[in-house]
Amino acid sequence: MKLAIIGTGYVGLPTGVGFAELGTNVVCVDKIPAKIDCLNRGELTLFEDGLDELFRKNVASGKIRFTLDMQSAVSGADVVMLAVGTPPHPVTKEADLQYIYAAAKELAQYLDRYTVVATKSTVPVGTGDEIEKIIHEVNPSADFDVVSIPEFLREGFAIHDFFNPDRIVIGANSERAKEVMRKLYAPFVDKCSFLWVKRRSSETIKYASNAFLAMKIHYINEMADFCEKSGADIREVAKGMGLDTRIGNKFLNPGPGYGGSCFPKDTNAMAQMGRKYGSILSLIETTIAKNDERKAKMGQRVIDTIKSNPEGKIAVLGLAFKGGTDDCRESPAIDIVKEMIKHSHNICVYDPKAMQNAKAILGDNVKYAASMYDACENADVMVILTEWEDFKYIDLSSIKQKMHSAKIVDLRNIIDGQKAVELGFEYQCVGKA
Ligand code: UGA
């Protein structure tokens with residue numbers, strides 16, 4: 001089977017490498033020459049746990065290759081997967097479909113046999129119909145079907161999730177397309193549930209799932225605020241809730257608000273779709289507004305700790321939108337640092353993987369440390385914004401010696417609070433007074 005993947009980002013690249021590992025012949029296309037050059041030199045363009053080894057192995061065996069040339073990738077392909085970005089429109093916040101439509105237009109010219117065009121990018125309901133129209137217009141004799149195959153990979157766990165999916169959802173309106181997709185996904189048959197649905201349902205499932213998870217986070221964050229006021233402990237509350245299998249114990253970690261390239265974008269796009277179809281999604285609308293508010297509130301919480309010494313140094317640990325990735329897109333950590341920059345000129349930041357990406361956003365407004373210990377040198381408060389394992393096991397005694405005043409604001413609840421207090425830190429976490 002030949003699979004062409006258009007777009008070599010956080011979705012396209014791990015998916016391509018995953019399929020190559022399963023024995024499919026994969027060609028990945030991208031528009032950016034520097035990316036393709038880099039991949040062809042055998043270097044990765046992004047960080048994903050476990051990707052490097054599989055990438056090298058499959059490049060060496062020739063199961064995966066990278067090109068700028070759409071024609072060579074698409075011609076003879078059984079499946080062409082669209083994995084290009086659908087970023088939010090800066091004003092309307094709707095998913096911007098220009099890249100996916102441009103890719104459809106371009107690939108259409110090279111369809112030379114029956115091909116399934118499978119949309120992996122997250123796209124609003126009805127986009128499959130548009131792609132179908134575009135391909136017909138460009139190439140009226142093309143023999144093809146458009147299916148929707150939403151991806152549910154988490155960044156940082158993309159390789160794990162690729163090989164161990166909870167479910168595979170395929171939105172296909174034709175039997176012929178289903179047959180091809182069955183072949184491509186045959187290695188997963190005994191691994192997870194398959195759901196065959198209408199294309200429009202499949203497009204909606206992706207948004208409805210992400211929006212639900214975002215809402216679950218908003219709910220636990222609101223509950224954490226309540227616990228801080230009422231004397232309960234959110235960790236105990238979340239544990240008690242999560243033991244109910246109907247609720248489940250995942251996505252009940254309170255924090256600085258959700259971020260990343262998916263939840264903010266997808267909740268906004270879903271809300272926008274609700275407005276478009278005259279069916280207001282009020283829970284999602286509220287989730288979006290409250291999540292934005294939360295980041296500003298958390299920034300203020302940190303600033304309050306240096307009220308008596310506004311020149312005091314703030315050490316920030318964590319810039320990526322979550323642990324396990326170098327991605328800073330829509331990172332709550334970045335938004336919180338931006339909020340702090342409004343009030344402080346003495347901020348020093350550190351992240352194990354995301355320094356380069358963060359620098360591109362924060363520029364000279366903060367200082368950059370070489371390690372978490374360096375960041376805390378002479379600091380008046382240490383703030384944890386991303387849940388990296390390294391931070392969990394930070395040596396609190398040695399940090400205390402380095403710091404000017406012993407204060408910790410742990411917005412990810414990963415530090416052993418009791419130990420911190422015993423060592424003499426003033427310790428604040430989320431969801432416990
Ligand atoms: C999310 C979904 O989990 C994936 O299933 C989906 O495929 C992906 O979006 C996508 O649409 O491409 P991802 O953005 O990688 O994956 O990140 P998550 O692990 O879901 O975390 C999102 C945000 O929620 C992060 O900022 C994280 O810190 C926050 N979060 C998550 C919490 O604050 N609390 C939690 O309990 C869980």
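Since we're looking at a predicted model, the values are computed, not measured. Both counts, for ligands and for their atoms, begin at 1 and track the order of listing.
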Item to check | Candidate list Lys63, Arg65, Glu21, test side-chain hydrogen bond (donor to acceptor under 3.5 Å, both in side chains), partner Asn58, passing option | outcome: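 The single option meeting the side-chain hydrogen bond (donor to acceptor under 3.5 Å, both in side chains) with Asn58 is Glu21.
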
Checklist entry - Does NZ or CZ of Lys216 come closer than 6.0 Å to the centre of the six-membered ring of Phe251, within 45° of the ring's axis? => result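 No, Lys216 and Phe251 do not form such a contact.
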
Checklist entry - Do you know the tightest heavy-atom contact between Ile288 and Tyr258? => result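 That closest heavy-atom pairing would be CA-OH, 3.8 Å.
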
List every atom of ligand 1 that sits less than 4.0 Å from any heavy atom of [X], numbering the atoms from 1 in the order shown and giving each element.
X	answer
Tyr258	23 (C), 24 (O), 26 (O)
Asp266	11 (O)
Glu155	15 (O)
Gly259	22 (C), 23 (C), 25 (C), 26 (O)
Cys262	8 (C), 9 (O), 10 (C), 11 (O), 12 (O), 14 (O)

For [atom], closest protein heavy-atom neighbour:
atom	answer
atom 1 (C) of ligand 1	Phe263 CE2, 3.5 Å
atom 5 (O) of ligand 1	Phe152 O, 2.9 Å
atom 28 (O) of ligand 1	Arg412 NH1, 2.8 Å
atom 6 (C) of ligand 1	Leu153 O, 3.3 Å
atom 29 (C) of ligand 1	Ile217 CD1, 3.8 Å
atom 11 (O) of ligand 1	Lys206 NZ, 2.5 Å
atom 21 (O) of ligand 1	Lys322 CD, 4.0 Å
atom 3 (O) of ligand 1	Arg154 CG, 3.6 Å

Checklist entry - Side-chain donor-acceptor pair under 3.5 Å between Tyr427 and Asp410, yes or no? => result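 On atom types as modelled, these side chains qualify, holding a pair under 3.5 Å.
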
Checklist entry - Can Lys183 and Asp78 be counted as an ion pair, charged N to O under 4.0 angstrom? => result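 Salt bridge absent between Lys183 and Asp78.
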
Checklist entry - Any ion pair linking Lys290 and Glu293 (charged N to carboxylate O, less than 4.0 Å)? => result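 Yes, charged N to carboxylate O under 4.0 Å.
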
Checklist entry - Using the ring of each side chain (for Trp, its six-membered ring), is Trp196 parallel, tilted or perpendicular to Phe194, with breaks at 30° and 60°? => result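 Answer is parallel, since the angle falls under 30°.
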
Checklist entry - Between Phe55 and Phe66, what is the ring plane arrangement, given parallel below 30°, perpendicular above 60°, and tilted in between? => result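 Tilted, since the angle between the ring planes falls between 30° and 60°.
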
Checklist entry - Between CD1 of Ile220 and CG of Asn253, what distance do you get to the nearest 0.5 Å? => result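 The distance works out to 8.5 Å.
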
Next on the checklist: If you count every heavy atom of other residues, nucleotides or ligands that lies below 6.0 Å from Lys35 atom NZ, does the total exceed 12?
Outcome noted: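 Atom NZ in Lys35 is crowded, with more than 12 foreign heavy atoms closer than 6.0 Å.
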
Next on the checklist: Among Phe251, Tyr10, Tyr207, which one puts a heavy atom closest to atom 37 (C) of ligand 1?
Outcome noted: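 Checking each option, the heavy atom nearest atom 37 (C) of ligand 1 is found in Phe251.
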
Checklist entry - Which bit of Asn210 is near ligand 1, meaning a heavy atom under 4.0 Å away: side chain, backbone, both or neither? => result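 The answer is the side chain of Asn210.
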
